[in-house]
> 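Dumping the structure here so I can ask a few things about it.
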Amino acid sequence: MNWYFCKRSNKRFDQVINEIVDRFEEKMKKQHYISHKTMLNILNDLSPFKYIYLYGFVLVFFTPLMFGNYFSDFTGITPFAQSMELASGRIRLLSDVTVLYFIMIFIAITAAYFLKGLSFEVVREFKLAARNSDKLNHEVGENPKRSIFITASLLIAINLGWIWFFGFTSAGNSKVMRSYLEGTETFIIMAIFLGFLANFYLLIYALLMMEGRKHVIF
């Protein structure tokens with residue numbers, strides 16, 4: 001008798017557990033989160049062609065490295081490149097084209113966002129994420145839209161600061177830069193490469209926050 005009762009109780013307990021698991025899985029299916037995939041969707045949404053800006057960067061970055069020997073006498077376009085007295089022609093060319101290319105895509109992407117906006121599919125991702133039950137709960141009197149705007153503006157300011165410093169200053173002849181230029185060029189090449197990618201990431205993330213601000217998903 002006891003054996004039968006225990007077996008029946010265990011079976012009922014298993015049913016309860018399975019129901020809880022099923023409800024949790026169903027809830028998770030309904031949840032929608034903003035992720036790096038959303039950032040990629042924003043980028044493609046604001047691009048004339050899919051991944052065109054990334055393909056363009058590969059072309060812009062590696063062309064000076066492959067054909068830099070033909071520009072040994074290149075003195076630079078921007079004040080920063082011109083001030084790098086110890087840099088080779090290809091490093092000056094690489095610095096110039098990277099900064100100028102970022103300026104171009106910065107203007108193109110931000111103009112597309114503010115003038116055209118995002119597609120219905122991408123906006124829908126934000127609207128679904130705004131319905132999540134586990135999104136941040138803000139305190140009474142707190143203004144999340146202002147906080148998000150300040151953070152996004154700070155990211156844009158970092159972009160503009162990078163453009164200003166590596167494009168329109170004479171810091172290329174500073175003691176720090178001269179010490180790096182006296183060594184191997186590999187560090188300078190990697191610094192330019194990572195600097196572009198970091199600022200490109202911050203630009204898209206800033207736009208993600210600007211869009212998230214409309215729906216208060218953070």
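Count residues from 1 along the sequence.
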> Out of curiosity, Leu154 CG to Met209 CE, how far, rounded to the nearest 0.5 Å?
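Here the rounded value is 10.0 Å.
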> Can you name the nearest heavy-atom pair linking Gly172 to Ser83, along with the distance?
N-OG, 3.0 Å
> Checking Thr186 now: which residues fulfil side-chain hydrogen bond (donor to acceptor under 3.5 Å, both in side chains) with it, not counting sequence neighbours?
Thr184
> May I have all residue pairs that pass side-chain hydrogen bond (donor to acceptor under 3.5 Å, both in side chains) and include part of residues 86-114, sequence neighbours excluded?
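Sorted pair list: Thr78-Asp96, Ser88-Glu185, Arg90-Glu185, Tyr113-Glu211.
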> In Å and rounded to the nearest 0.5 Å, what is the CD1 to CG distance from Ile52 to Asn44?
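Taking CD1 in Ile52 and CG in Asn44, the distance rounds to 11.0 Å.
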> Just wondering, are more than 12 heavy atoms of other shown residues or ligands nearer than 6.0 Å to OH in Tyr70?
no
> Can you hop from Leu59 to Ile77 via hydrophobic side chains spaced under 4.5 Å?
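Different clusters: Leu59 never reaches Ile77 through Ile, Leu, Val, Met, Phe, Trp or Tyr contacts under 4.5 Å.
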> Give a yes-or-no answer on whether the side chains of His36 and Tyr201 include a donor-acceptor pair shorter than 3.5 Å.
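Result is yes, a qualifying pair exists.
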> For a side-chain contact (heavy atoms from CB on, under 4.5 Å) check, start with the C-alpha distance between Leu208 and Phe126, then their side-chain angles and the critical distance, and finish with the verdict.
CA-CA 9 Å; Leu208 181 144; Phe126 287 91; 4.2 Å; yes
> Is Val176 linked to Ile189 within one hydrophobic cluster, defined over Ile, Leu, Val, Met, Phe, Trp and Tyr using a side-chain heavy-atom separation of less than 4.5 Å?
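They do share one cluster, since a chain of ILVMFWY contacts under 4.5 Å joins Val176 to Ile189.
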> Between Phe106 and Asn159, is the side-chain contact (heavy atoms from CB on, under 4.5 Å) condition met? List the steps.
CA-CA 9 Å; Phe106 180 89; Asn159 283 164; 3.9 Å; yes
> Do the non-hydrogen side-chain atoms of Leu94 and Ile188 ever get within less than 4.5 Å of each other?
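No - every pair of side-chain heavy atoms lies 4.5 Å or more apart.
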> Do the non-hydrogen side-chain atoms of Pro48 and Tyr53 ever get within less than 4.5 Å of each other?
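Yes, close enough: below the 4.5 Å cut-off.
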> Heavy atoms only: give me the nearest Gln82-Gly76 pair and the separation to one decimal.
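Shortest heavy-atom separation between Gln82 and Gly76 comes out as NE2-O, 3.3 Å.
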> Does a sphere of radius 6.0 Å around NZ in Lys116 hold more than 12 heavy atoms from other residues, nucleotides or ligands, not counting ones at 6.0 Å or beyond?
yes
> Does the side chain of Asn199 come within less than 4.5 Å of Ile158's, by heavy atoms?
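Heavy-atom side-chain distance check passes, below 4.5 Å.
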> Any chain of hydrophobic side-chain contacts (each under 4.5 Å) joining Val58 to Tyr55?
yes
> To the nearest 0.5 Å, how far apart are CD1 in Ile156 and CG in Leu202?
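With rounding to 0.5 Å, CD1 (Ile156) is 9.0 Å from CG (Leu202).
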> To the nearest 0.5 Å, what is the distance between CZ on Phe187 and OG on Ser179?
8.5 Å
> Testing Phe193, Tyr51, Phe200, Phe102 for ring-ring contact (aromatic ring centres under 6.0 Å, His included) with Phe57, which one passes?
Phe193
> Are there more than 12 heavy atoms of other residues, nucleotides or ligands under 6.0 Å from atom OH of Tyr180?
no
> What distance separates Leu203 CG from Ile42 CD1, expressed to the nearest 0.5 Å?
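Going from the CG atom of Leu203 to the CD1 atom of Ile42 covers 10.5 Å.
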> Once rounded to the nearest 0.5 Å, what's the spacing between atom CG of Leu160 and atom OG of Ser153?
10.5 Å
> Going by the rule side-chain hydrogen bond (donor to acceptor under 3.5 Å, both in side chains), which residues pair with Asn173 if we only count those two or more places apart in sequence or in a different chain?
Arg178
> Are any non-hydrogen side-chain atoms of Leu207 and Leu46 less than 4.5 angstrom apart?
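Side-chain contact under 4.5 Å: yes.
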> Can you get from Leu155 to Phe114 by hopping between Ile, Leu, Val, Met, Phe, Trp and Tyr side chains that sit under 4.5 Å apart?
yes
> Using the rule given for side-chain contact (heavy atoms from CB on, under 4.5 Å), can you reason through Leu43 versus Leu54, listing the C-alpha separation, both sets of side-chain angles and the distance that settles it, and then say yes or no?
CA-CA 10 Å; Leu43 174 61; Leu54 295 178; 4.2 Å; yes
> Scan side-chain atoms only and decide if Glu125 and Asn41 contain a donor-acceptor pair under the 3.5 Å cut-off.
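Judged by distance alone, the side chains do pair up.
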> Are Leu194 and Tyr205 grouped together when hydrophobic residues (ILVMFWY) are joined by side-chain heavy atoms under 4.5 angstrom apart?
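In one cluster: yes.
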> Shortest non-hydrogen contact from Phe165 to Ala171?
CZ-CB, 3.4 Å
> Walk me through whether Phe196 and Phe61 qualify under side-chain contact (heavy atoms from CB on, under 4.5 Å).
CA-CA 10 Å; Phe196 175 91; Phe61 186 82; over 6 Å; no
